[in-house]
Amino acid sequence: MPPKEEQIKLDSLSPQQLVELRQNLNAEIQRLMESGQALARASNTFAGTKKSVEQLGASKEGQSIMLPLTSSLYVPGEVADVEKVLVDVGTGYYVEMCIAEAAKYFDRRIKTLQENIGIVQQTLNDRRNVLMTVQAMLQEKMAAQQARA
Amino acid sequence: MADAENTRKALQKEVETYRNLQAELQKLAKGKQELTARFTETETVVEELKLLDDEANVFKAVGPVLVKQDLVEARSNVSNRLEFIKKDIDRLDVQIKGVESKMLDREKEMMKLQRKLQGGAAAGP
């Protein structure tokens with residue numbers, strides 16, 4: 001929404017409508033913040049996985065490892081292959097990649113996520129600005145109403 | 001007075017229809033959200049499969065097992081699915097537009113009835 005149009009529209013709104021608009025904006029800001037956090041979490045997960053893959057690449061064949069059977073049960077094991085990993089690329093597809101390819105894959109995913117986080121942040125800032133304008137307009141209208149009374 | 005009663009009843013019916021439409025719209029919007037999420041996920045898979053060497057090993061999870069897939073086949077499968085999802089989204093968009101226009105009609109009708117009701121009350125005893 002271009003801010004200019006917003007300005008014109010805000011002038012003609014009643015205080016009640018402004019309050020409603022403020023509520024909607026607050027809800028939207030809340031939603032955007034949640035989405036941004038979810039994206040950041042996903043990005044962190046990818047970064048962590050990338051680190052694990054690189055660690056695996058740096059280790060030698062036969063290196064002992066604690067294998068998680070569940071989140072609280074581990075069994076000792078040995079690394080049989082330090083060159084190839086199976087990567088979940090989504091919708092049930094798994095691709096065999098070498099360590100370098102896998103690392104690149106995670107970099108790509110992280111990059112897309114960071115771009116999306118940027119977009120969310122931008123939208124969030126826009127909405128916050130609109131919210132402030134609405135807030136100011138509401139106060140102005142209230143003051144005018146009180147002055148008249 | 002009976003006239004006002006009728007108007008009130010008609011208005012109530014309109015409100016009910018409007019609420020039903022609102023619920024329908026919400027359901028459609030939720031469905032669209034899910035489809036859009038699937039669409040983006042499938043889109044990244046298509047991109048990833050495109051980037052692969054032709055000799056790359058690709059597996060598909062079928063229940064708890066991974067089954068080796070032919071890469072060319074996997075590519076066309078995923079692209080096809082992307083098309084399907086896109087069509088589904090388009091269909092939902094049409095439905096959403098339909099419900100929205102119906103809601104607008106009901107809104108107008110409600111306003112008309114409300115005005116009639118208010119006018120009647122002002123003119124009444």
Side-chain angles (χ1 to χ4, degrees), chain A residues 14 16-17 20 24 27-28 30-32 34-43 45-47 49-50 53 69-70 80-120 123, chain B residues 18 22 25-26 29-30 32-89 100 103 107 110-111 114:
Chain A
S14 70
Q16 241 168 4
Q17 283 171 313
E20 219 170 279
N24 288 345
E28 202 182 344
Q30 191 67 34
R31 259 208 320 277
L32 283 168
E34 274 161 25
S35 320
Q37 275 161 9
L39 286 172
R41 266 201 302 278
S43 174
T45 313
F46 277 128
T49 315
K50 191 193 161 201
V53 166
L69 288 189
T70 69
D81 188 348
V82 293
E83 271 140 36
K84 285 210 157 19
V85 286
L86 213 51
V87 179
D88 180 358
V89 292
T91 64
Y93 282 91
Y94 290 73
V95 178
E96 197 176 75
M97 296 181 187
C98 73
I99 300 292
E101 277 171 353
K104 265 190 239 156
Y105 164 79
F106 290 121
D107 278 339
R108 277 200 296 278
R109 296 303 295 266
I110 291 168
K111 192 172 158 250
T112 339
L113 282 171
Q114 292 300 340
E115 277 166 15
N116 284 329
I117 290 172
I119 294 170
V120 169
T123 324
Chain B
Y18 188 77
Q22 227 169 10
L25 184 68
Q26 230 155 38
K30 208 175 152 207
K32 193 190 162 182
Q33 211 175 21
E34 275 163 24
L35 273 179
T36 317
R38 265 200 6 231
F39 184 83
T40 359
E41 191 186 351
T42 313
E43 218 176 15
T44 56
V45 177
V46 170
E47 288 305 311
E48 282 304 322
L49 291 181
K50 256 191 218 157
L51 287 170
L52 291 177
D53 272 354
D54 285 337
E55 291 90 57
N57 286 328
V58 179
F59 301 86
K60 170 123 183 71
V62 183
V65 276
L66 291 177
V67 184
K68 192 162 185 307
Q69 296 264 304
D70 183 46
L71 180 54
V72 181
E73 210 176 296
R75 275 179 185 147
S76 80
N77 277 347
V78 182
S79 304
N80 277 341
R81 196 157 57 184
L82 194 64
E83 282 306 306
F84 277 136
I85 298 173
K86 198 172 153 49
K87 269 186 202 135
D88 274 351
I89 291 177
E100 272 173 351
M103 278 172 86
E107 252 169 61
M110 280 194 295
M111 297 244 266
Q114 213 142 35

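Chain letters run A, B, ... following the sequence lines, proteins first and then strands; every chain starts at 1.
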Chain A to chain B donor-acceptor contacts, backbone plus side chain, under 3.5 Å:
unit_1: A/Thr91; atom_1: N; unit_2: B/Glu41; atom_2: OE2; d: 2.8
unit_1: A/Thr91; atom_1: O; unit_2: B/Lys60; atom_2: NZ; d: 3.3
unit_1: A/Thr91; atom_1: OG1; unit_2: B/Arg81; atom_2: NH2; d: 3.3
unit_1: A/Gly92; atom_1: O; unit_2: B/Ala61; atom_2: N; d: 2.7
unit_1: A/Tyr94; atom_1: N; unit_2: B/Phe59; atom_2: O; d: 2.7
unit_1: A/Tyr94; atom_1: O; unit_2: B/Phe59; atom_2: N; d: 2.6
unit_1: A/Glu96; atom_1: N; unit_2: B/Asn57; atom_2: O; d: 2.9
unit_1: A/Glu96; atom_1: OE1; unit_2: B/Asn57; atom_2: ND2; d: 2.9
unit_1: A/Arg108; atom_1: NE; unit_2: B/Glu48; atom_2: OE2; d: 2.9
unit_1: A/Arg108; atom_1: NH2; unit_2: B/Glu48; atom_2: OE1; d: 2.7
unit_1: A/Arg108; atom_1: NH2; unit_2: B/Glu48; atom_2: OE2; d: 3.3

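- Taking the side chain to side chain contact (heavy atoms under 4.5 Å, CB included) definition, one finds that A/Val53 meets it with A/Ile99, A/Ala102, A/Phe106, sequence neighbours left out.
- B/Leu71 does not touch chain A: none of its heavy atoms, backbone or side chain, sits under 4.5 Å away.
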